[in-house]
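Got a structure here, written out as structure tokens. Questions coming.
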There are 2 protein chains.
Amino acid sequence: MRIEDEIKQPVFRNQYEKAIINLSYTAGWLQMRQAAAFKPYGLTLPQFNILRILRGQHPCPATVALLIDRMLDKTSNASRIVDRLVEKQLVTRTVCPANRRAVDIRITETGLALLGRVEANNLLDPTHMGLGSLSAEELGLFNDLLDKLRTVE
Amino acid sequence: MRIEDEIKQPVFRNQYEKAIINLSYTAGWLQMRQAAAFKPYGLTLPQFNILRILRGQHPCPATVALLIDRMLDKTSNASRIVDRLVEKQLVTRTVCPANRRAVDIRITETGLALLGRVEANNLLDPTHMGLGSLSAEELGLFNDLLDKLRTVE
DNA sequence: CAACATTAAATGTACGTACATATATTTGCA
DNA sequence: TGCAAATATATGTACGTACATTTAATGTTG
């Protein structure tokens, strides 16, 4: 559906403004679908992403600094997201013996099992998440346009 | 810059995953730039958008329901955003005489003046906000791809 | 008219983001 | 050694989003 119809605004001042609004709206649309997909498992998207990073490290621990480095959004507060995962016993947090400033964060068996159940449902495949309607060629074009959009000066 | 380099992840499992991450990342990138542009004026983006809606109604009042209807994000909490605008005296809130359940929200002279100052700086033009690097043709294509992306089934 | 449903907005709670500051530990160097 | 700087994380505050519940006013219907 065209963005004009989605948000019931028949006309934009220019194509730039339309693209800005379309981009924000579409990103929000995608985020809502992702959040809804995780909800039955009691997870948010940032929590899911951290669990995946921890599984990538498993059985080695990760530190908060490593999580921040791997996360898309650098300003998000990894400490507090880990807090919630600890409460749900999906993750453990222990002082790092080698460097007592740091903490060792590990995914638990429960966490691994939950991650497995979430992924078994193919929650992130394009059909569920949109984008299924774009061809490989269109996806490539789309990625190029996004990259170009961010170039300033 | 390519998304692979932006987030230092050299490879994606497939083009879909790359597009999803690229879309989220780019929308976040844009939102950061917008927030930074409004910050010197003590405004957030939702506050700015509500001020614009109120100016569109001026000198008539708007209700909370009208604001929600016009806002991109329907689940955001217009009541509380208006709270902050009232505190800053950019907006007034009075009980609607015709329907005492509703409230009449009006932009003040201070609010109009602030909006004028913000816009005088061209804060939302494509050069400041990115997208300046895209041609008219590319913008059209980009909008079409976003619209198509959201079609499911 | 009274009882109940509907409507409009406000409030509460959980979570995340953005940014500043605090606390504890380690490192480096005079 | 001792002390300042750097490092790793936690905490605090303001704001917004998502969603449920509450409060007050208005409609509706028997």
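Below, chains carry the letters A, B, ... as their sequence lines are ordered, and counting in each starts from 1.
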Margin query: Judged by each residue's nearest nucleotide on DNA chain C, which is more toward the 5′ side, B:R80 or B:V64?
Written below: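 With B:V64 and B:R80 compared, the 5'-side residue is B:V64.
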
Notebook entry, point to check: If only atom types and distance count, is the side chain of B:T63 paired as donor or acceptor with the main-chain N or O of B:D104 below 3.5 Å?
Noted result: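 Side chain of B:T63 to backbone of B:D104: no pair is present.
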
Margin query: Tell me the interatomic distance from A:N77, atom CG, to C:dT21, atom P, rounded to whole angstroms.
Written below: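 To the nearest whole Å, that distance equals 16 Å.
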
Note to self: Give me the atom names and distance for the closest heavy-atom approach of B:E138 to A:L145.
What the structure shows: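 Where B:E138 meets A:L145 most closely, the heavy atoms are CB-CD2, 3.9 Å.
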
Note to self: Suppose we screen for side-chain hydrogen bond (donor to acceptor under 3.5 Å, both in side chains). Which residues come up paired with A:N143, at least two apart in sequence or across chains?
What the structure shows: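 With neighbours one apart ignored, the set is B:N22.
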
Next item on the list: Have a look at A:K39 and say if it touches a base, only the backbone sugar-phosphate, or nothing, with a 4.0 Å heavy-atom cut-off.
Entry: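 Sugar-phosphate only.
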
Margin query: Base, sugar-phosphate or nothing for A:R84? Non-hydrogen atoms, less than 4.0 Å.
Written below: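 Sugar-phosphate contact only.
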
Margin query: What is the first contacted nucleotide of DNA chain D and what is the last, in 5' to 3' order, if contact means an atom lying under 4.0 angstrom from a heavy atom of chain B?
Written below: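 So the contact region on DNA chain D extends D:dC15 to D:dT26.
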
Notebook entry, point to check: Within this structure, what is the CD-to-C1' distance between B:E87 and C:dA10, rounded to whole angstrom?
Noted result: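 Roughly 15 Å, once rounded to whole Å.
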
Check: Is a salt bridge present between A:D144 and B:R2, judged by a nitrogen-to-oxygen distance below 4.0 Å?
Finding: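 Salt bridge absent between A:D144 and B:R2.
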
Checklist line | No-hydrogen, no-angle side-chain donor-acceptor test under 3.5 Å, B:Y41 and B:N121 | finding: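 Yes, B:N121 and B:Y41 have a side-chain donor paired with an acceptor closer than 3.5 Å.
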
Check: At their closest point, which heavy atom of A:N14 faces which heavy atom of A:E17, and how far apart are they?
Finding: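 Shortest heavy-atom contact: OD1-N, 2.7 Å.
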
Note to self: Students often get this wrong, so: under 4.0 angstrom with heavy atoms, is A:D83 touching a base, only sugar-phosphate, or nothing?
What the structure shows: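 Here A:D83 touches no strand at all.
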
Notebook entry, point to check: Closest nucleotide of DNA chain C for A:A98 versus for A:P46: which of these residues is on the 5' side?
Noted result: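 With A:A98 and A:P46 compared, the 5'-side residue is A:P46.
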
